[in-house]
Amino acid sequence: MANIKSAKKRILVNATKAAQNKAFKTALKTSCKKLKAAVDAGDKAAAEAAYKEAVVMTDKAVTKGILHKNKAARKKSQYTVALNKMA
């Protein structure tokens, strides 16, 4: 356990940030799963709405430093391919 006041604060701040990152990652995974479910079900309208949400969440993940920009680009490309295969 830390003895210095600033070190104690860093422990608290790190725990808070870790919780925020975990919550965002969970939301990101959920949006991806919604898109996959809509594509598998063949629901074009729901798939398009889920696609828009998944792309926005992926871009936000890059901005927050949760995902690498190349991984995000790859994921968005995969989402687009899955959506376009429906048509």
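Residues: numbered from 1 along the sequence shown. This one's a predicted model, so the numbers in the text were calculated from it and none came from an experiment. Both backbone and side-chain heavy atoms feed into the values below; hydrogens, waters and symmetry mates do not.
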Nearest heavy-atom neighbours spanning [X] and [Y]:
X	Y	value
K60	F24	CB-CZ, 3.6 Å
M86	A38	CE-O, 4.4 Å
A47	L83	CB-CD1, 3.7 Å
L67	K71	CD2-CD, 4.0 Å

Is any side-chain heavy atom of K17 closer than 4.5 Å to a side-chain heavy atom of Q20?
-> yes
Going by heavy atoms in the side chains, are D59 and K76 under 4.5 Å from each other?
-> yes
Nearest 0.5 Å, what's the [atom1]-[atom2] distance between [X] and [Y]?
X	Y	atom1	atom2	result
T58	K69	OG1	NZ	16.0 Å
L35	D40	CG	CG	9.0 Å
K36	S31	NZ	OG	14.0 Å

Begin with the C-alpha distance, continue with both residues' side-chain angles, and end with the deciding distance and a verdict on side-chain contact (heavy atoms from CB on, under 4.5 Å) for K64 and N21.
-> CA-CA 9 Å; K64 292 173 182 270; N21 286 341; 5.6 Å; no
Around atom NZ of K52, are there more than 12 heavy atoms of other residues, nucleotides or ligands at under 6.0 Å?
->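 Check fails, neighbour count at 12 or below.
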Please indicate whether I4 has more than 12 foreign heavy atoms, meaning atoms of other residues, nucleotides or ligands, lying under 6.0 Å from its CD1.
-> no
When L12, V13, I11 are each screened for side-chain contact (heavy atoms from CB on, under 4.5 Å) with K9, the one that passes is V13
Any link between L28 and V55 through a network of hydrophobic side chains (Ile, Leu, Val, Met, Phe, Trp, Tyr) touching at under 4.5 Å?
->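 No, separate clusters.
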Can you list the residues that meet the side chain to side chain donor-acceptor pair (under 3.5 Å) rule with Y51, with sequence neighbours excluded?
->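 Only T80 meet the side chain to side chain donor-acceptor pair (under 3.5 Å) criterion with Y51.
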